[in-house]
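See below for the structure under consideration.
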Amino acid sequence: MSSPSRATAPASAAGDAAAEDRLGAVLEFERQWWGAAGGRKESRIRAEFGWSAARYYQVLNALLDTDAALRYDPVLVGRLREVRAQRAEVRRTRRPGAGAA
């Protein structure tokens, strides 16, 4: 009697490898852009990944919450998590109508 998990193991391993490749590609891309001035980043995201900027940041934020990303580059992931937390704090504490001139 064969186990159903054996039949799906290669597909799962392929999915894990694809996820690992994506993790590396996104983090390497983000490392190149860390601290760089904006503008062109959105067009490079489209060229590099074929994603909209919104999709890229969804993927990046999901990756930042993984242990694999932290193992891949703990310094970069730590900085990006910190920036994300600071921006979330600004959004939480922003007063309605503040900044509108």
(message) According to salt bridge (Lys or Arg N to Asp or Glu O under 4.0 Å), who are the partners of Arg92, at least two apart in sequence or on a separate chain?
(response) Glu89
Could you list the donor-acceptor pairs under 3.5 angstrom formed between side-chain atoms of residues 49-56 and any protein atom two or more places apart in sequence or on another chain?
unit_1	atom_1	unit_2	atom_2	d
Ser52	OG	Arg55	N	3.1
Arg55	NH1	Gln58	OE1	3.4
Tyr56	OH	Glu30	OE1	2.4

(request) State which residues pass side-chain contact (heavy atoms from CB on, under 4.5 Å) with Ala62; sequence neighbours excluded, sorted by chain then number. (result) none
(request) Scan for salt bridge (Lys or Arg N to Asp or Glu O under 4.0 Å) pairs involving residues 58-69, sequence neighbours excluded, and state none if there are none. (result) Asp65-Arg84
(request) Under the salt bridge (Lys or Arg N to Asp or Glu O under 4.0 Å) rule, collect the residues that match up with Arg22, sequence neighbours excluded. (result) none
(request) Supply the atom-to-atom distance Leu60 CG to Phe29 CZ, rounded to the nearest 0.5 angstrom. (result) 10.0 Å
(request) Determine the sole option in Val75, Asp73, Leu64 for which the side chain to side chain contact (heavy atoms under 4.5 Å, CB included) test with Leu80 is passed. (result) Leu64
(request) Determine the minimum heavy-atom distance between Ala69 and Leu63, stating which atoms define it. (result) CB-O, 3.1 Å
(request) Kindly write out the residues that satisfy salt bridge (Lys or Arg N to Asp or Glu O under 4.0 Å) with Glu82, not counting sequence neighbours, or none if the list is empty. (result) none
(request) State which residues pass side-chain hydrogen bond (donor to acceptor under 3.5 Å, both in side chains) with Glu48; sequence neighbours excluded, sorted by chain then number. (result) Arg44
(message) Using side-chain heavy atoms (C-beta onward) and a distance below 4.5 Å, is Tyr72 in contact with Val77?
(response) no
